[in-house]
Structures are given as C-alpha cells and as structure tokens.
There are 2 protein chains.
Amino acid sequence: MSADPALRREIPDATVARLPEYLRTLSRLAEDGVPSVSSEELAAAVGVRSAQLRKDLSHLGSYGVRGVGYDVETLALEISRALGLTEDWPVAIVGMGNLGHALASYSGFVTKGFRIVALFDDDPALVGERVVDIAIRPLAELDDKHAVDPISIGVIATPAQAAQAVCDRLVGAGISSILNFAPAVLSVPAGVDVRRVDLSTELQILAFHAQRKALAAGHLGTAVVS
Amino acid sequence: MSADPALRREIPDATVARLPEYLRTLSRLAEDGVPSVSSEELAAAVGVRSAQLRKDLSHLGSYGVRGVGYDVETLALEISRALGLTEDWPVAIVGMGNLGHALASYSGFVTKGFRIVALFDDDPALVGERVVDIAIRPLAELDDKHAVDPISIGVIATPAQAAQAVCDRLVGAGISSILNFAPAVLSVPAGVDVRRVDLSTELQILAFHAQRKALAAGHLGTAVVS
DNA sequence: TCAACTTTGTGCATGGCTTCACAAACGTCT
DNA sequence: AGACGTTTGTGAAGCCATGCACAAAGTTGA
C-alpha cells in the first residue's frame, strides 16, 4: 500500500480548512524553538478541541508519539506536504485597483509556497505600472503562452460586473484554481475550484449576531409582549 | 407569541452564512425590475439546491406564495431585517496600511447598513491623512468617548503581531463584533464575535485541491504501485 | 364553481462532522 | 525488567446540515 495516507485517503474538507491554522501555529512554535507539543497544547493555541485536532491529524497519518506529543518540525513538514506547499504555486492577480494593489503587496504571499508571477488590468492608466517589481499587463496577454509563465492560481480582484468574464478567461487559459474577491457568484465547469472571500458577507454575518445580542440584552420589545 | 420568527427562533449558522448571498441576488433582480422569483430560479442564480433555499427561508418565516414564488422586494426586505441591515452599523478600521486603505475605499461598505466612522493607526506617517473623507487617528483616541462616535464593528487590518493588542483595545472600548484580517488567532471574552478573513488560508486550501487534481490527472506514481 | 397545474413549506432519511471515552503505545523511574 | 503516568489514535455516539418527496395551498382558465 501507499506510504502516504495523505494521498491515499480522502481528507475531509473541514479538516483541510483547519490545516493552515495548525501549520501557522506550528511555524510560530518552531521559530520560538519549541521542540514538541501535545495535542492539548496545540489545540488550545489554535482554539479547537484536542480530540478534533487529533482526528484531523490522523487523516494525514500517524506522526505523534504516545506519551509525548508531536515533533513540531516534523508535523509542520507533513502538513505542508499534505497541503501541497512543498511545491511552488505561481499566482496571477487580475484587477489592480485598491484591493489588487494591497493583495500584491501582501507579505503572506512570499512566505511559503506562493509566488506572484503576473498582474493584469485592462485600465490603460494602470498598465505598465510596476508593483512588487512586476509590470501590470493587459488581460489579453493571458492567452499568449509565450508572454506569460505558467499560472496555477488566479486571483480575481475586479468589480463584480467584470468577474465572470475574467473568470472565463482564466479558465480558458487552463487555470483551475480561482480565488474570487468580487461579490459575485461565478459559474465554472466541473473540475475548477472557486473560493470566494467577501467582505460584505462577513460584515452582514457580524451584523446578524450583533443584532441578536442587542435584542437579547436590552429591549426585547416586540418579542416579550406576546 | 412574537410576530417575527426571525427573532423568536434560532437561525442555523449555515443559513445565516447564505442569507447575504440570497440578498445580493435579490437586490440585483429588484434592480432589473423582476417582480417575483420561484425558489428554483433563485437557487439556480445563487448556486444552491432549491430545497435548501426554501428551508433556509422557512427559518425567517413564511414569505412565499404557493404556486407563484416569492415577491422579490418583500423577500429582500425580510432578509435585510433578519440580518439586521435595517439599522446602521458604525464601523471602525484599525491599521491603515495597504489593506486598510483598500478596505476603507471599498464600495461594499457604503451600500447598505454599514458606515465607516473612524480610522485608526499609530504610525505617525499615517496619522492625519484623510481617506474617504475621514482622518486617520492614533489608536489611543479609541478610549476617548468624547472624541469618537459609537462603534459597533471593529475591523483589524494590522500585522499579525499587533492584532491581539488591538483586539483587546477594541473589546475594552465595548466593541463586541470584530472582523480580523490579520493571520492570527484572537482570544476574546465570551460574548464577543470574531470572524477571520485570511488570504493565505484560502490560498492553501486551493493549493491542496490543486495538488489533488494534479496527482489524480497525471503522475499518480506512488499511489497505484500498491 | 371546479378542475388542473404550479410551487411552497416541511417531515423524514441520509451523510458528514464533532465530541466522548478508552485501549494501545510510549517514555520514565526505580 | 517492570510498574506507572502520560498522550495518542480511533471506535462509537450524538448532532447538525443537506437532500428527497409530498401534502397543503395558492393561481389560472373554463
């Protein structure tokens, strides 16, 4: 059988979503020179239950030592491998307005596994400008295989109206992983992954809970007067 | 009993997370002059199953008409009320680097329910600068009740190291809804809601699936050779 | 008024995720 | 070497969310 459970078994989505958090915390521990952690300690640092952490990690394989815990460096490496961060993922950003600029300058990219290789925008005022040492190009060049390095992940930071058209072009260029910051639902063929990050959705969810708290604490006016 | 099921019953988190999407789509339909939609149509536009949409909406109350569908304007209003968007939520942004600037300029704020009332940063080079007609102030002024309007929601757009300290100040100032863009786990007292938006987490999840696709499509080397 | 058609709201079954609880496994100390 | 304390890995149970299928309720047309 395969030596690597991460490739053999199916890792639940809920687990995959937590792995980056584990990895971040482990990296910090490694920097601090901590050699090993128990599931209890790591779980507390991340804000989950220790049982959940152990079950999550069990999907990757068996990297803990009973009675001791997990070796920080080893576990960080295994999570990196499971997430695919041992290879380099070339990223392109489309839409270089305020958000696109902020994303390109964001330090989170360079740190591990991701590398920005291209910036696109059709606004003539932006084309040619250099951000983090990369020139902004018109989107049409995306299709030119000779002009553009291979791209694994496309980031959409355009206004909502343009998002679907940009998405279609990215998919047409063979990109099958898309991170969408535009407040729009994208339709893509099967096999293409889209993840959406939306500021106003998050704010609205916060508003819902804030309202609930306000109603519960203070004036539950209409609710109590049967 | 109460007339408003949204206040009476508990709405599942999974449903709350989808309501903003429904609302966005309904708003677009309303702009286009569409008077009513069936659950089938709306669900297709949002990308969910119609049964799920109906079950979600049933948690808010019974606003559909059998044989016809939902009145677009009415349903949009009811979702707005459930989410608490009929009131105004004053927002403060802390950390006015690239990301903070982009967020402040982001049009998603002004549209509905949210209003930026304060910008904070301790960098002397930034203090005093005006963004969207609001002056950036040092964080210390947050505690000065006379200098700052009431704030419902705090947005953290600082580097990770500063996030917990900023969070503590926000909580100290009575803010119980926080949107965190910094890659850090925040610990807060009970009753405070924190939602995190993290670029690198999203990229890493995409990388995981991209790796899976790459392995499945091409070289499934180690996996097949039992 | 009544029959035919459409669409909602929901009970029920299904599936996945989380939590519990404990046996197995490891290190340590005598 | 053997007993003891600690921590992992995992079966089992419980919980929440999703999807199915249909009765109830409404509209339309004759």
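Just so it is clear: chains get the letters A, B, ... in the order the sequence lines come, proteins before strands, and each one is counted from 1. Note that the structure is a prediction, hence the values are computed from the model and not measured.
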So salt bridge (Lys or Arg N to Asp or Glu O under 4.0 Å) across residues 177-194 of chain B, not counting sequence neighbours, yields A/Lys213-B/Asp193

Contacts satisfying salt bridge (Lys or Arg N to Asp or Glu O under 4.0 Å) that involve residues 92-104 of chain A (not counting sequence neighbours) are none

Please give, in whole Å, the distance from [N] [atom2] to [X] [atom1]?
X	N	atom1	atom2	result
B/Gln52	C/dG11	CD	P	18 Å
B/Ile11	D/dA17	CD1	P	12 Å
A/Leu60	D/dT10	CG	C1'	15 Å

For [X], enumerate each residue passing the salt bridge (Lys or Arg N to Asp or Glu O under 4.0 Å) test, keeping only those at least two apart in sequence or located in another chain.
X	answer
B/Arg54	none
B/Asp13	none
A/Asp198	A/Arg196, B/Arg24
B/Glu202	A/Arg195

Can you list the residues that meet the side chain to side chain donor-acceptor pair (under 3.5 Å) rule with A/Glu87, with sequence neighbours excluded?
->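 Partners of A/Glu87 by the side chain to side chain donor-acceptor pair (under 3.5 Å) criterion come out as none, since no residue qualifies.
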
All side chain to side chain donor-acceptor pair (under 3.5 Å) counterparts of A/Asp168, not counting sequence neighbours |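 Once residues adjacent in sequence are excluded, the partners of A/Asp168 under the side chain to side chain donor-acceptor pair (under 3.5 Å) criterion are A/Gln164.
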
Heavy-atom protein contacts under 4.0 Å, nucleotides 20-30 of chain D, coded B base, S sugar-phosphate only, - none | BB--BBSS---

Answer yes or no: is there an ion pair linking B/Arg81 with B/Glu78, defined by an N-O contact shorter than 4.0 Å?
-> yes

Within the pair B/Tyr70 and C/dG9, is there a side-chain N or O less than 4.0 Å away from OP1 or OP2?
->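 Yes, such a contact exists.
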
Tell me, which of residues 31-47 of chain A have any heavy atom that sits under 4.0 Å from an atom in DNA chain D?
->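 Those residues are A/Ser38, A/Ser39.
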
Determine to 10° how strongly the helix from C/dT1-D/dA30 to C/dT30-D/dA1 is bent, judged from the axes of its five-pair ends.
-> 10°

Please list, chain by chain and in numerical order, all residues satisfying side-chain contact (heavy atoms from CB on, under 4.5 Å) with B/Pro35, sequence neighbours excluded.
->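 Partners of B/Pro35 by the side-chain contact (heavy atoms from CB on, under 4.5 Å) criterion come out as none, since no residue qualifies.
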
